[in-house]
Amino acid sequence: MTMQITTESIVDAEAGLVAAHERDLGAAQERLARDGVDTDAIIDEVSRFSVAAPSWAVGTGGTRFGRFPIGGEPRTTEEKIDDIAALNALTGANRTVSLHVPWDDPADPAALRKHAAAAGIAFDAMNSNTFQDNPATTGDGAVSYKFGSFANVDADVRKRALEHNRAVIELGVQLGATAITVWLADGTNHPGQANFRRQFERVADCLRELHEALPDDWEMYTEHKPYEPAFYSSVNSDWGSSLLLAQHAGPRAKCLVDLGHHLPNANIEQVVSRLAMTGRLGGFHFNDSKYGDDDLTVGSIDPYQFFLVVLELLDAGGGAMPPVRYMIDASHNLKDPLEDLIQATDQVQVTLAQALLVDRDDLADAQDANDPARAAEVLQAAYRSDVRPLVAEARRRNGAARAPLPTYRRLGYRAATVAARGDGSVATGL
Ligand code: LRH
Ligand code: MN
């Protein structure tokens, strides 16, 4: 059994932080109250918020150039859930896990569901995988996804890919999940390799067929990506393609925005605004990137862009985060995966608190007055405000840690997993 992190162990570990926290919190509440800010409303919205943890990112990820395991990595989906429960204990904001099949292929779904419930973790959107040939998804090698899955010219391959996605839904139903994310690697590497229109129509028809297989309370998400592993064209390459696919599939098909799936300098916050406007914004994969789909820690490269994305979400939600799916999708090559997920979640919480500070009426006035300088002042006043005491308080009120990363280290969770699982254990995933 993996070591458990509890509110009691956190309170003990953070005994020395209480006085400073209360001083900083008091100062922040006083400073913000002078500007008419309701800090309790912000603390409540932050403590209400949760972002799913990806099961495929609790191990060290790799690149084609190498992978450097950290030791103590989860060997089973149960152990992945133990690690996500430890993460949630520290952040109070990772209450669900997003599984990826067949990287997660539980022999006994009912037992897994029971294990997760005991750890206080529920199942978020499931992820299918037709971007790798795996006996579980190719009918023991009867087909290959080398030339695509839903886009494949071979009807047998498309049929297999549909069967795999239906199997992922069936597993999700047993686990209590109510959504599936479909990211397709389908595309081409060479000009002329495929007919763009016929490829797109094959994918669109398969997604419509999958939509018909959705249980009544389920949604499906199409996730766009401009390139990788296809390096000339991807079938679902951008938000427009994703929207067309979702609209063709059916009413419960929506678009998932992975922040790393945009070409350099794309205005992602405007993409969010567009999709929200159509009612087809289904969810997010939060991460950050400098060049391509780097899957780096949320807000670690361009925190202001992330702030503007969250601001668009509050605009779509009338001042609160709209009820779409929020997930982290990252890959950890150098850091302890749990430390990276702690920092990612903290960044989401801090950015949400900053965005909630924006005086949206003031901003609208400046916009209607064509006063860009004033608009910038409104945004910067919020972005430059130190909200960390409010976020720490939101976590404390959830029974979690004020300072999750130092507390994670103080509690020695990684050392305990290495002792329990060995320093050579490697998790399934990216
Ligand atoms: C593709 C992607 C997708 C997942 C995979 C792990 O780049 O973002 O969401 O299936 O990463
Ligand atoms: Mn993703």
Side-chain angles (χ1 to χ4, degrees), residues 51-64 67 77 80 96-105 124-134 136-137 145 148-151 161 164-165 168-169 171-172 177 179-187 203 207 210 220-231 234-239 241-242 245-246 254-263 266 268 271-272 275 281-289 291-298 306 309 324-333 337 340-341 344 348 427-430:
V51 56
S55 69
W56 61 91
V58 282
T60 46
T63 72
R64 58 185 169 166
R67 179 180 184 156
T77 303
K80 291 183 181 183
T96 58
V97 57
S98 190
L99 296 189
H100 214 300
V101 182
W103 295 336
D104 303 301
D105 202 5
D124 214 305
M126 305 289 289
N127 294 269
S128 58
N129 177 339
T130 56
F131 51 87
Q132 295 170 326
D133 283 352
N134 180 298
T137 65
Y145 297 123
S149 59
F150 287 173
H164 164 61
N165 278 274
V168 172
I169 291 173
L171 171 60
I180 182 169
T181 297
V182 180
W183 169 67
L184 301 172
D186 295 31
V203 169
L207 288 168
L210 184 62
M220 60 185 275
Y221 308 125
T222 53
E223 180 179 359
H224 61 271
K225 185 175 181 179
Y227 71 95
E228 189 210 35
F231 291 108
S234 291
V235 178
N236 187 6
S237 54
D238 54 36
W239 72 272
S241 301
S242 197
L245 290 171
K254 298 183 176 174
C255 304
L256 182 138
V257 177
D258 185 312
L259 299 180
H261 291 184
H262 298 87
L263 295 174
I268 303 174
V271 170
V272 172
L275 289 173
L281 179 63
F284 283 86
H285 281 176
F286 290 147
N287 48 50
D288 209 341
S289 44
Y291 304 104
D293 186 21
D294 309 338
D295 282 340
L296 299 174
T297 320
V298 180
F306 187 56
V309 164
V324 302
R325 305 283 177 143
Y326 301 102
M327 288 167 273
I328 294 168
D329 182 1
S331 175
H332 314 117
N333 304 341
D340 205 306
L341 289 167
V348 174
T428 58
L430 277 180

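Counting convention: from 1, in listed order, for ligands and their atoms alike.
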Quick one: does [X]'s side chain get under 4.5 Å of [Y]'s, heavy atoms only?
X: Thr428; Y: Asp105; result: no
X: Thr137; Y: Tyr145; result: yes
X: Asn236; Y: Trp183; result: no
X: Leu263; Y: Tyr227; result: yes

Would you mind finding which of Tyr221, Phe131, Trp183 brings a heavy atom closest to atom 1 (C) of ligand 1?
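Selected option, by shortest heavy-atom distance: Trp183.
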Using a strict cut-off of 4.0 Å, indicate which atoms of ligand 1 neighbour a heavy atom of [X].
X: Trp56; result: 6 (C)
X: Asp293; result: 7 (O)
X: Asp329; result: 2 (C), 3 (C), 8 (O), 9 (O), 11 (O)
X: Asp258; result: 8 (O)
X: His285; result: 9 (O)
X: His100; result: 4 (C), 6 (C), 10 (O)

Sole residue of His262, His261, His285 in ring pair (Phe, Tyr, Trp, His ring centres under 6.0 Å) with His224
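In the set His262, His261, His285, the residue that makes a ring pair (Phe, Tyr, Trp, His ring centres under 6.0 Å) with His224 is His262.
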The Mn ion (ligand 2) - closest N/O/S atom in [X]:
X: Asp258; value: OD2
X: Asp329; value: OD2
X: Glu223; value: OE2

Say whether His261 and ligand 1 are in contact under the criterion: heavy-atom distance to a ligand atom below 4.0 Å.
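For ligand 1, residue contact (heavy atoms, under 4.0 Å) with His261 is present.
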Measuring from non-hydrogen atoms of Asn127 to any atom of ligand 1, is the shortest distance under 4.0 Å?
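Heavy atoms of Asn127 never come under 4.0 Å of ligand 1.
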Donor-acceptor pair between Asp295 and Ser331 side chains, under 3.5 angstrom
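Judged by distance alone, the side chains do not pair up.
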Cut-off 3.5 Å, side chains only: do Ser149 and Asp186 have a donor facing an acceptor?
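Yes, a side-chain donor-acceptor pair sits under 3.5 Å.
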Quick check: does His285 put an N/O/S atom under 2.8 Å from the Mn ion (ligand 2)?
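Of the N, O and S atoms in His285, at least one lies under 2.8 Å from the Mn ion (ligand 2), which means yes.
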Within the structure, does Glu223 bring an N/O atom to less than 3.5 angstrom of an N/O atom in ligand 1?
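Yes; at least one N/O pair falls below 3.5 Å.
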Lys225 contact mode with ligand 1 (heavy-atom cut-off under 4.0 Å):
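It is the side chain that gets close, since no backbone atom is under 4.0 Å.
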Indicate the ring-plane relationship of Phe131 and His100, choosing parallel, tilted or perpendicular according to the 30° and 60° boundaries.
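Rings of Phe131 and His100: perpendicular, over 60°.
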So, are Lys225 and Asp258 salt-bridged, with charged N and O less than 4.0 Å apart?
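Answer for the salt bridge query: no.
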Minimum heavy-atom distance between Val168 and Val101, given as atom pair plus value
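That closest heavy-atom pairing would be CG2-CB, 3.8 Å.
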